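Below, each value reflects all heavy atoms present in this structure, side chains not excepted, and no hydrogens, waters or symmetry copies. Everything numeric in this text was worked out from a predicted model, so none of it was measured.
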2 protein chains.
Amino acid sequence: MLLSKACVYGLRSSLFLASCKGDGYTSIREMSDQLDISFHFLTKILQELTGAGLMESHKGPKGGVRLTKAGSEVSLYEIVAAIDGTELFTECALGLPGCGVKKPCPLHDKWAGTRDGIRQMLEDTNLLELAEKGKKQNLRITEDGGFEWI
Amino acid sequence: MLLSKACVYGLRSSLFLASCKGDGYTSIREMSDQLDISFHFLTKILQELTGAGLMESHKGPKGGVRLTKAGSEVSLYEIVAAIDGTELFTECALGLPGCGVKKPCPLHDKWAGTRDGIRQMLEDTNLLELAEKGKKQNLRITEDGGFEWI
DNA sequence: AGGGTTTAAGAGTATTTTGTCTTAATTTAA
DNA sequence: TTAAATTAAGACAAAATACTCTTAAACCCT
């Protein structure tokens, strides 16, 4: 699996927030309902994202979380890095520590290119772009397709 | 992590076999020693590869495992598919089941290209090519670099 | 034939990931 | 000021992954 489940859930919920109108907070309960993700698990994931500065949270009624930046300014890479870390984009395909230009494994050259391709794709893609595409083409971001773009 | 540890170990040991001269069997004990991988864990991984038809095994003295095909005929993709399965090459980046051309997620188009890039890199690379490169440039395939190309 | 060597198979353990539950702290609004 | 709503935090449980160990089966050699 390329990304952990926590990371995938983090991406889906970030996408959800990017599609929300206005700059108010969205409650985690609503997100967990709409996206069909365990409330408590999602809470922990979003805590990581707020810890990383990508979201900010607010307690109490009318509380919830929201993006700290405009969706157009948040790349998927930032979210992945915040949850799964950057190891995927630096590690050796054969799992050898310290593999790099100086001390490569036989697969290093080829894998480095592929790896950069993954990173660039994530860096090149922002939340707003995906939210607008999803809204325009009515694409799903949940398993059952129950989510309606806002 | 892109590949499981079992898969990474499977790749390293396949690479080891591809670098072995002659067509005799190589004992799993020797491989686990040379590659610094737990003997019993490696045994189970190689059983998967023999089950998939990529290797064949032989018991008793002079026993061990060997590739069923020439190293030049074995792509990394075959090994990864045998151990980790092909899910990585078919799954949705957002984890949505059934995501594809017909029922895509907002990230599908971009991810499909990236995903194919990973697959093609693995399909395009064979064991002999890596073994020769490793031998020629004296590259490591173990953490401590203790392995000497045969 | 018999003993040593090697893979096969499966049970058992440890660690990480995933998910659940409870309690505390904060905030809004009546 | 009090009650309801909401996130924060941490303990706990379940599942998947990563190993470890033991016993069985097959094989070679003397």
> Can you check side chain to side chain contact (heavy atoms under 4.5 Å, CB included) on Gln34(A) and Thr142(A), steps first, answer last?
Replying inline: CA-CA 8 Å; Gln34(A) 292 262 2; Thr142(A) 64; over 6 Å; no
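With Asp84(A) contributing its side chain and Ser4(A) its backbone, the two residues share a donor-acceptor pair below 3.5 Å.
Using a 4.0 Å cut-off between a side-chain N of Lys or Arg and a carboxylate O of Asp or Glu, Lys135(A) and Glu148(A) do not qualify as a salt bridge. Checked for salt-bridge contact, Glu132(A) and Lys136(A) miss the test: no charged N lies under 4.0 Å from a carboxylate O.
Taken residue by residue, residues 34-61 of chain A places heavy atoms nearer than 4.0 Å to DNA chain D at Phe39(A), Lys44(A), Gln47(A), Ser57(A), His58(A), Lys59(A), Gly60(A), Pro61(A). Residues of residues 5-22 of chain A having a heavy atom closer than 4.0 Å to DNA chain D: none are found.
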When the side chains of residues 45-65 of chain A are checked against the rest of the protein, which donor-acceptor pairs come out under 3.5 Å, sequence neighbours left out?
| unit_1 | atom_1 | unit_2 | atom_2 | d |
| --- | --- | --- | --- | --- |
| Thr50(A) | OG1 | Leu46(A) | O | 3.3 |
| Thr50(A) | OG1 | Gln47(A) | O | 2.8 |
| Glu56(A) | OE2 | Arg66(A) | NE | 2.8 |
| Glu56(A) | OE2 | Arg66(A) | NH2 | 3.2 |

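Annotation: ring-ring contact (aromatic ring centres under 6.0 Å, His included) contacts involving residues 78-101 of chain A, sequence neighbours excluded, comprise Tyr77(A)-Phe89(A). The ring-ring contact (aromatic ring centres under 6.0 Å, His included) contacts involving residues 112-150 of chain A comprise Phe16(A)-Phe147(A), Phe147(A)-Trp149(A), where partners must be two or more places apart or lie in separate chains.
Stem analysis of DNA chain D (at least three stacked-register Watson-Crick or G-U pairs, each with both distances under 3.5 Å) gives C:1-30 with D:1-30.
Every residue two or more places apart in sequence or in another chain that forms a side chain to side chain contact (heavy atoms under 4.5 Å, CB included) with Leu130(A) is listed here: Leu15(A), Leu76(A), Thr125(A), Pro106(B), Leu107(B). Residues satisfying the salt bridge (Lys or Arg N to Asp or Glu O under 4.0 Å) test with Lys44(A), not counting sequence neighbours, are none. With sequence neighbours left out, Glu30(A) forms a salt bridge (Lys or Arg N to Asp or Glu O under 4.0 Å) with no residue at all. For Glu91(B), the salt bridge (Lys or Arg N to Asp or Glu O under 4.0 Å) test picks out no residue, with sequence neighbours left out. Applying the salt bridge (Lys or Arg N to Asp or Glu O under 4.0 Å) criterion to Asp109(A), with sequence neighbours excluded, gives Lys133(B).
In the 5' to 3' direction, nucleotides of DNA chain C lying under 4.0 Å from heavy atoms of chain A begin and end at dT18(C) to dA29(C).
Across the interface with DNA chain C, nearest-nucleotide mapping of Asp84(A) and Ser27(B) shows Ser27(B) to be the residue nearer the 5′ end.
Each of Leu127(B), Val74(B), Ile83(B) was scored for a side chain to side chain contact (heavy atoms under 4.5 Å, CB included) with Ser14(B), with one residue passing: Leu127(B).
When rounded to the nearest whole Å, the span between CE of Met1(A) and C1' of dA15(D) equals 12 Å.
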